[in-house]
Amino acid sequence: MTLSVAQHRQIRLHLAFIPVYVWIIWVWTSYAVNVSPSGRIDRTGHVKGQDFTHDYVLGQIAREHATGDLYNFDAQSRRMDRLFPDYEVRYAPVHGPQLSLLFAPLARMPYESALWVWLALSVSGYATCCAVLYGTAPRLRRYAWVVVVLAIGYPPFYFLIAFGQISVVGLACVTAAYLAFRARRPWLAGLALGTLAYKPPLGIAIVLVMVYGREWQVLGGAFVAAVVQLAAAAAYYGPTVLVTYADTVGDATQIASVFEPILHRMQSLRSFFLLLVPLPRVAFAAYVCSAAAVVIAAARYWT
């Protein structure tokens, strides 16, 4: 039997995708087995949804209106001790105050229930963003199965679910901005990008690119989104929370290692060079140079 050119192409694609198939089967089967025990502890002895523990604590702080605990490391550590005595990791309280309001409704539930609700929202949000982006790219339609396989096997998606991360929020913001740009609605695009203010490092490069491109409508929308978020937090906690937040962020530059305690799980230039180069100063210099190169290239490409 003679195979057609299209059939040969399909066979080559499947052969090339064998490592992806193996990865998908291995990581998702391992994850399912690991979280199968009842309760909040998985088979390896770790709390399920490790990173979500911090978000759950922030939600409890918001629910209890405990403003003093929002940027108090010791107070948050005591809360972690009570809720998760078997989990030794403690998180630096550096998130924007508005983020705690997002998780306040989930903090009304028991931890396990809140985690599964958040994971369901994360999966549905990720799938929705992928579907929306796929719908805007007609040339991908002949490769639907490739898109599905790569979306399921995307390593950051696994980390999103396995560790209960909140990166789906950032993905939703960027996807919304992309759709607004396609519709030639720069102010709405800026509004979507400004929502990234819940985690400022996500938006720094974008702001620099938009300033270089003189995208004032985008910057205006981003400013409004950031102000609205901070105003909501100030209305809930009181205006002094913004001062405390600013002080905390100012000190954060001195404790950068707290944000990246496990370097091989990070997706950043800084962690990449710290793993690659044994000399911290050289690694930092390489990080600064590469980050600047990326921003400059993005800015020039944008214009």
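One-based numbering along the sequence shown.
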> Please confirm whether the ring centroid of H95 lies under 6.0 Å from the ring centroid of Y245.
no
> With ring centroids as reference points, do Y287 and F273 lie under 6.0 angstrom apart?
no
> Is there a chain of hydrophobic side chains (I, L, V, M, F, W, Y, each step under 4.5 Å between heavy atoms) that links V149 to Y154?
yes
> Does the ring centre of F17 sit less than 6.0 Å away from the ring centre of W23?
no
> Looking only at atom types and distance, does a side-chain atom of K48 sit under 3.5 Å from a main-chain N or O of G164, one as donor and one as acceptor?
no
> Among the clusters formed by ILVMFWY side chains lying less than 4.5 Å apart, do V169 and L58 turn up in the same one?
yes
> Out of the candidates D247, V94, V241, only one should pair with Y71 under the side chain to side chain contact (heavy atoms under 4.5 Å, CB included) rule; please name it.
V241
> Does the side chain of F159 come within less than 4.5 Å of D51's, by heavy atoms?
no
> Is it true that S36 and R43 share a donor-acceptor pair across their side chains at a distance under 3.5 Å?
yes
> Sequence neighbours excluded, which residues qualify as salt bridge (Lys or Arg N to Asp or Glu O under 4.0 Å) partners of R185?
none
> Identify, with sequence neighbours excluded, every residue that meets side-chain hydrogen bond (donor to acceptor under 3.5 Å, both in side chains) alongside W302.
E215
> Quick one: name the residues clustered hydrophobically with Y301, using the 4.5 Å side-chain heavy-atom rule over I, L, V, M, F, W, Y, and just say none if it's on its own.
none
> Which hydrophobic side chains are connected to V132, either touching it within the sub-4.5 Å cutoff or through other members that do?
L133, Y178, L179
> For the aromatic rings, using the six-membered ring if either is Trp, is the centroid distance between F163 and F52 under 6.0 Å?
no
> Has F284 got more than 12 heavy atoms of other residues, nucleotides or ligands less than 6.0 Å from its CZ?
no
> Please report the interatomic distance OH(Y126) to CG(L160), rounded to the nearest 0.5 Å.
8.5 Å
> Within the distance-only criterion (no hydrogens, no angle test), does the side chain of D42 pair as donor or acceptor with the backbone N or O of H46 below 3.5 angstrom?
yes
> Would S100 and Y237 count as having a side-chain donor-acceptor pair, cut-off 3.5 Å?
yes
> Main chain of L70, side chain of Q76: is a donor-acceptor contact present, judged purely on distance under 3.5 Å?
yes
> Taking T128 for its side chain and S124 for its backbone only, find out whether a donor-acceptor pair lies under 3.5 Å.
yes
> For W118 and F103, I'd like to know if the aromatic rings sit close, meaning centre-to-centre distance below 6.0 Å.
yes
> For residues 221-234, tabulate all N or O donor-acceptor pairs below 3.5 Å that involve a side-chain atom, not counting sequence neighbours.
from: Q229; atom 1: OE1; to: Q98; atom 2: NE2; distance (Å): 3.1
from: Q229; atom 1: NE2; to: G194; atom 2: O; distance (Å): 3.4
from: Q229; atom 1: NE2; to: T195; atom 2: O; distance (Å): 3.0

> Tell me every residue that passes salt bridge (Lys or Arg N to Asp or Glu O under 4.0 Å) with D69, counting only those two or more places apart in sequence or in another chain.
R79
> Give a yes or no answer on whether the side chain of T53 reaches the backbone of Q50 with a donor-acceptor pair at less than 3.5 Å.
yes
